[in-house]
Amino acid sequence: MSDRAPEYRPSEYRAASAHILLNTPGVRSSVGSATRDFDAKRAKAYEEVESDLWRDWASAVKANVLSRLDEYLVQAEESLRANGTKVHWASSADDVYQVLRSIVEENGVQTVVKSKSMLSEELEVNHHLETLGVRSIETDLGEYIIQLLDEPPSHIVGPAIHKSLEDCRVLFHEQLGTPVDADPDELASAARNALREDFLSADLGISGGNFLAADTGTVALIENEGNIRLTTSVPRIHVALVGIEKVVPRLVDLAGFLQLTSRAATGQPIGLFVSLIQGPRKSEEPDGPEEVHVVFVDNGRSALYEDDAASEALGCVRCGACLNICPVYRQTGGHAYGWTYPGPIGAIISPGLLGLDKAMPLPHASSLCGACEDVCPVRIPIPELLVHWREKAVSEGQISKGERFGMRMYADIAERPLGYSMAASALRRVPWRAAGTALPVLNGWLQEREIPEPSSKSFRKLWREGIE
Amino acid sequence: MSAREAILDALRRAREQREAVEHPGHFGGWRPDPSPPALDGFASMFTQAGGEVVHFATVAQRREWLRVFLLDYDSISMGAGVPSDLEGLGGPPRVALGKEHTASVGISRARAAVAETGSLLMDARDGRRAQLLPPVLVVLVEADSVYSALADALEAVGPDMSAALGMHSGPSKSADIGQVMVKGVHGPGRVIALVA
């Protein structure tokens, strides 16, 4: 496709945002309407329950997990092995590739069906499988659409929300031969038929994992289409890629997390399909995979864990609620952020997983309005952590020359009482409206707004004279 | 050092100085309104998600309903856990194991149901393909196997888990194409719970 979205790096955030807004205005309207819809459903779903209590509980469980993460992982490993599941540990993407390569080679795997997994996006699993000569097919409808377009997902839950129905009609017409005016049911049916063949012929299914219960060794996955259940049930081998932060202590804890995550993500009481996977098919079961592998993936998570404050971000359940409510994300969608995790949560985990130098200026992609924290199901203090990364960037000298110059100028003035009072007095005398209307952008902004007149006396002077 | 040791070492080192945080205990499913009786709650939630629920006073009535229902279909994929008295039901032919995708209707049996979420708990011992591949799924639910809360259901099944437990809370859906909801994307587009 000629209109393939360019791929950006996080460092290009500002230019990427401008490019998206100027050249693909449809993205802003598609993302805006989808996120407002998601958020309205989330708000209603929170109101139906005592959501403050639910979120307090979930936040406390996550705090407990993060305070004993190593112990829960070891327990989960033991439980999984007892179920007959093969457990692998991977420090990096390369470690994951090695696991996949040996499974592919030992079993002569030619076709892989994949269910949506942000971790697999982060690790670029599809690209790696391609280099092994394996055909890897995304089976979530949204992921399937963006795979046909050769684009990365733009939202954690709705990977193709930046595409309109019309975009999909054109794409499916070109690639699957559906009529140009096909309705959504026809389009979905065409995708279903194409993918059904792949489910039945694939040798290997690859999934992520929303949660991993340590006591029973259960990988939990939430979805609406049924493609995850098929990916983990039909092929002979199933591999689940699970981030090390996904462990929860007990199977019964899933009762809270499955419901809360679904309500936060799409406003549903629970995803239409949940898979609770313990291991390979048992002898008395008619079907199911003969081999199940679970890969515990670090890839920067333990480094993020070492930063005491920032490690709270590891409690994230990837519901996307903070993206949906974020006034900044709504303007551009996810591609501007330049990496797997966009929006407010992306701005606080990307610096930890990628390194702050590669993730700047993402912690600035926020007005710090705090809406994200208000909706976060596990109460991650996102604005606080955005400031944490901004402070870290300053202390490590990772700020622009202009910003450093401006701050030094301000410090020079503010640290000297005489300088400060002279500067303040000068600012009170600036003809703000005239100055503003002479400038681009500000001029337009001022057309509908009044600038308040500055007081003729400084606060200190008023204080001395006695304020009423 | 293996990846396992490297990861665990890093995590242990990092938390040495941190205080342990207690687990807060059971999830309470807190709600402003009192919950309805389990069976009513399940029917209401499952229906809201697009599923269908039919109640029967007796198992014999359910069997008769099913006999008539199946006349409209040309092949059945029968779950392994379906009561054997349905074997003599007549009707369209059963497809062989491994051919579930060719069946026009699947029949399976729920291990339990949950009112809080409107979910059917589908056990791998019943056969996963029969639960997933046919476009229409009929699920037999025993009236006394409906739990009010998901936590109670998980606690009950926890000690005896099969390789996979699926929770089905309605027909397969997606809004990934232009945010328009479509049914029956990969899993069954029609799900009918027969409670007796």
Side-chain angles (χ1 to χ4, degrees), chain A residues 34 37 49-50 53-54 57 60-61 63-64 67 69-70 89-91 95 141-142 145 158 160 164-165 168 184-185 187-188 192 200 216 224-227 229-230 233 244 249 251-252 254-256 259 269-270 272-282 284-288 298 302 305-306, chain B residues 2-4 6-8 10-12 14-15 18-24 26-32 45 49 80 97 101 116-119 124-125 127-129 132 149-151 154-155 158 161-174 176-180 182 185-188:
Chain A
D37 186 44
V49 298
E50 300 278 7
L53 295 178
W54 286 40
W57 176 87
V61 176
N64 166 257
S67 81
L69 188 53
D70 52 295
W89 296 71
S91 288
D95 289 353
L141 199 46
I145 290 167
S164 66
L165 172 57
C168 296
D185 279 310
L187 299 176
R192 172 194 165 102
L200 295 171
T216 51
N224 278 325
E225 296 179 6
N227 66 305
R229 288 228 65 209
L230 287 168
S233 296
I244 54 171
L251 179 72
V252 289
L254 295 179
Q259 295 188 67
I270 196 161
L272 293 169
F273 297 93
V274 169
S275 300
L276 301 174
I277 295 159
Q278 280 66 239
R281 164 191 179 186
K282 294 181 180 173
E284 71 271 25
E285 295 167 7
D287 50 25
D298 181 336
S302 62
Y305 185 76
E306 283 171 25
Chain B
S2 71
R4 181 182 189 279
I7 294 168
L8 289 174
L11 297 180
R12 281 177 192 137
R15 79 165 171 105
R18 296 184 203 171
E19 278 182 33
V21 179
E22 287 299 308
H23 189 288
H26 258 48
F27 172 69
W30 305 275
R31 275 161 204 270
M45 295 295 283
L97 212 58
H101 56 284
E116 187 178 23
T117 54
S119 307
R125 282 172 282 221
R128 307 195 211 178
R129 294 164 68 111
L132 293 166
L150 178 56
L154 290 178
E155 204 155 36
M161 297 281 270
S162 54
L165 196 65
M167 293 174 54
H168 291 206
S169 308
S172 155
K173 279 186 207 168
S174 172
D176 280 340
I177 298 178
Q179 280 76 58
V180 183
V182 293
V185 185
H186 289 293

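Quantities reported herein were computed from a predicted structural model and do not represent experimental measurements. Just so it is clear: chains get the letters A, B, ... in the order the sequence lines come, proteins before strands, and each one is counted from 1.
- In this structure, chain A has heavy atoms under 4.5 Å from both the backbone and the side chain of Leu165(B).
- In this structure, chain B has a heavy atom under 4.5 Å from the backbone of Pro280(A), while its side chain stays farther away.
- For a residue to count as touching a neighbouring chain, one of its non-hydrogen atoms must lie under 4.5 Å from one of that chain's; by this rule Arg18(B) touches chain A with the side chain only.
- Interface remark: Ala90(A) contributes backbone atoms only to the contact with chain B (heavy atom separation under 4.5 Å).
- Of the listed residues (Leu254(A), Leu200(A), Ile244(A)), the one with the most heavy-atom contacts under 4.5 Å to chain B is Leu200(A).
- Contact of Glu225(A) with chain B is made through backbone and side chain together, with heavy-atom distances under 4.5 Å.
- Judged by the 6.0 Å and 45° rule, Arg128(B) forms no cation-pi pair with Phe273(A).
- Looking at Ser302(A), both its backbone and its side chain come within 4.5 Å of chain B, counting heavy atoms on both sides.
- Among the candidates Gly118(B), Ser119(B), Gly166(B), Ala151(B), the residue making the largest number of heavy-atom pairs closer than 4.5 Å to chain A is Gly166(B).
- Residue contact with chain B, scored on non-hydrogen atoms closer than 4.5 Å, involves the side chain of Asp95(A) exclusively.
- For a residue to count as touching a neighbouring chain, one of its non-hydrogen atoms must lie under 4.5 Å from one of that chain's; by this rule Arg229(A) touches chain B with backbone and side chain alike.
- When Glu155(B), Glu19(B), His26(B) are compared by the number of non-hydrogen pairs under 4.5 Å with chain A, His26(B) comes out ahead.
- Of the two parts of Ile277(A), the backbone and the side chain both hold a non-hydrogen atom closer than 4.5 Å to a non-hydrogen atom of chain B.
- Summarising the local packing, CD of Glu284(A) is surrounded by more than 12 heavy atoms from other residues, nucleotides or ligands at distances under 6.0 Å.
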